[in-house]
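Residue numbers run from 1 in the order of the sequence given.
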Amino acid sequence: MHGTVPWFKDFQTRRTRLVITMAAVDRFYLLYREISRSCNSYIEALAIVGAWYTVRKCVSLAFDTYSMLRLHLIPKLGGEVDLVKQYGKWAVVTGSTSGIGKAYAEELAKRRVNIILISRNKEKLEAVSRSISETYKVETDFIVADFSKGREPYAAIKKALKDREIGILVNNVGMFYPYPDYFTNVSEDVLWDMININIASANMMTHIVLPGMVEKKKGAIVNVSSASCCQPTPMLTIYGASKTYLDYFSRALHYEYASKGIFVQSLTPFIIVTKMAECGSSVSRRSFFFPSAEEYVRHAISTLGLSTRTTGYWKHAIKFTLGEHLPEWIWAWFAMYFCRTVRKEALTHKMK
């Protein structure tokens, strides 16, 4: 009898622990059930919010996909728009002796639009004017003007365009940094030139041409901005700010004059392989996302009349959409990394 006591005591201890454990489980279950019951309304509310968010994102994605197809695919399946009939006989293109400007002039001429070229180099203007006239059998003319000279060139431009039926204005002339750099390293001359060329030129050219378009109740103005207006882009601060101004100017102007038959478009491309992008080898070679000016313009011109704000190129549209949805600090971090790389490469090349 005495030998069984320790075993009996151990059994009782274990049974007591089991009873306590079961009681604890029961209490936890009851507590969990009460908490669940009280949280049901919150869970249902969260489920509704989650469903609404999912549906909203799906609808947004569907609209974005349709918009991209409508803008970049459908126009290529149909016939070309008669730009002369829709807008007018003549187009004015600034910064038109190379890059996007020259490509735009050639693409418009290919569609039977007469071209007026504006740039600062007379020899290049004569050569491009002659080439376009002979190749596409359209009338061409040119105006020598240096947009970095403030108000100086506009009186002569206004006089030269006085009796022309201007249907399309392409404000393409622009100035970029020699390479990405910190704001305090940029000279005062570069700052003033960038303001005069990137901002003032589009304002003044539009002010000269727009009254005639309003009188005819038709016309198109294309302002070549930049994807750097998507979010703040460090080391391209002044350039990005000037292009953001141009983008805002274009969008606001369209609302002012759409009812008068004027279509205003803001083009916001990423890097295009032109002389302006020759600050580093990483951005001066044509690739999947870096098209030539000619390839870019072939896509961009098909969006005229369809979208008031577009990258003009479907591959750039993907990047722009992603860029807009990135947190600002991530965009800025990538921009800093990329610009520092290009700056280092440019400085290394300059020292050789």
Side-chain angles (χ1 to χ4, degrees), residues 63-87 91-113 115 117 128 132 135-136 138 167-174 176 202 220-230 243 246-247 250-251 254 263-278 283-324:
F63 273 107
D64 288 345
T65 303
Y66 167 74
S67 178
M68 186 175 290
L69 291 173
R70 181 183 70 86
L71 194 59
H72 298 290
L73 179 62
I74 294 174
K76 295 188 177 302
L77 300 177
E80 289 185 352
V81 175
D82 188 340
L83 297 180
V84 174
K85 182 179 179 181
Q86 186 164 346
Y87 299 117
V92 176
V93 184
T94 65
S96 48
T97 54
S98 63
I100 295 175
K102 182 183 177 184
Y104 237 107
E106 291 174 340
E107 194 65 32
L108 288 168
K110 192 184 296 184
R111 300 186 183 213
R112 303 182 305 280
V113 181
I115 306 296
L117 309 167
V128 174
I132 290 175
T135 304
Y136 302 105
V138 296
I168 299 173
L169 168 64
V170 181
N171 283 314
N172 164 74
V173 66
F176 192 65
I221 298 170
V222 179
N223 292 320
V224 182
S225 179
S226 165
S228 61
C229 74
C230 178
K243 292 300 184 177
L246 202 58
D247 179 54
S250 305
R251 293 154 69 189
H254 180 78
F263 185 86
V264 184
Q265 183 182 58
S266 172
L267 283 181
T268 58
F270 276 84
I271 295 169
I272 298 167
V273 181
T274 64
K275 287 183 178 180
M276 189 181 284
E278 287 180 350
V283 295
S284 61
R285 294 187 300 269
R286 183 178 172 185
S287 63
F288 183 81
F289 282 113
F290 296 172
S292 65
E294 292 75 18
E295 181 185 359
Y296 172 77
V297 169
R298 279 197 303 272
H299 285 80
I301 204 166
S302 66
T303 69
L304 188 60
L306 295 177
S307 177
T308 58
R309 189 183 192 229
T310 173
T311 62
Y313 187 54
W314 70 271
K315 296 173 186 177
H316 286 187
I318 296 171
K319 293 171 68 176
F320 196 91
T321 301
L322 291 173
E324 279 189 314

* To do: Search all heavy atoms of Asn223 against all heavy atoms of Ala202 and return the closest pair with its distance.
  => OD1-CB, 4.3 Å

* Just jot down the side-chain hydrogen bond (donor to acceptor under 3.5 Å, both in side chains) partners of Arg251, sequence neighbours excluded, or say none. => Asp247

* Structure fact -> When every non-hydrogen atom of Leu304 is compared with those of Ala220, the smallest separation belongs to CD1-CB, 4.1 Å

* Taking the side chain as C-beta and beyond, is there a heavy-atom pair between Leu108 and Tyr87 under 4.5 Å? -> no

* Asked: Looking only at heavy atoms, which two atoms of Cys229 and Thr268 are closest? And how far apart?
  -> SG-CG2, 3.9 Å

* Between atom CZ of Arg309 and atom NE2 of His254, what is the distance when rounded to the nearest 0.5 Å? -> 13.5 Å

* To do: Kindly say whether Lys243 contributes a backbone atom to a donor-acceptor pair with the side chain of Ser225 at under 3.5 angstrom?
  => yes

* Are the side chain of His316 and the backbone of Pro269 linked by a donor-acceptor contact shorter than 3.5 Å? -> no

* Locate the shortest heavy-atom distance separating Tyr313 from Pro291; write the atom from each residue and the value. => CE2-CG, 3.6 Å

* Criterion side-chain contact (heavy atoms from CB on, under 4.5 Å) against Gln265, the qualifying member of Thr303, Val224, Val170, Ile221 -> Thr303

* Asked: Where do Phe290 and Val273 come nearest, in terms of heavy atoms and distance?
  -> O-CG2, 3.5 Å

* To do: Quick one: pull up CZ in Phe320 and OG1 in Thr311 and give me the separation to the nearest 0.5 Å.
  => 8.0 Å

* Let me see the working for Leu117 and Thr97 under side chain to side chain contact (heavy atoms under 4.5 Å, CB included), right down to the final yes or no. => CA-CA 8 Å; Leu117 309 167; Thr97 54; over 6 Å; no

* Structure fact -> Closest non-hydrogen atoms of Gln86 and Val81, given as atom of the first, atom of the second and distance, are OE1-CG1, 2.7 Å

* **Ile168 side chain near Tyr104 side chain, heavy-atom distance below 4.5 Å** => no

* Measure the CD1-CZ distance between Ile318 and Phe270 for me, rounded to the nearest 0.5 Å. => 11.0 Å

* To do: Inspect the contact between Glu295 and Arg298 and indicate whether a charged nitrogen and a carboxylate oxygen are less than 4.0 angstrom apart.
  => no

* To do: Take Lys102 and Ile132, measure what side chain to side chain contact (heavy atoms under 4.5 Å, CB included) needs, and give me the verdict at the end.
  => CA-CA 9 Å; Lys102 182 183 177 184; Ile132 290 175; 5.7 Å; no

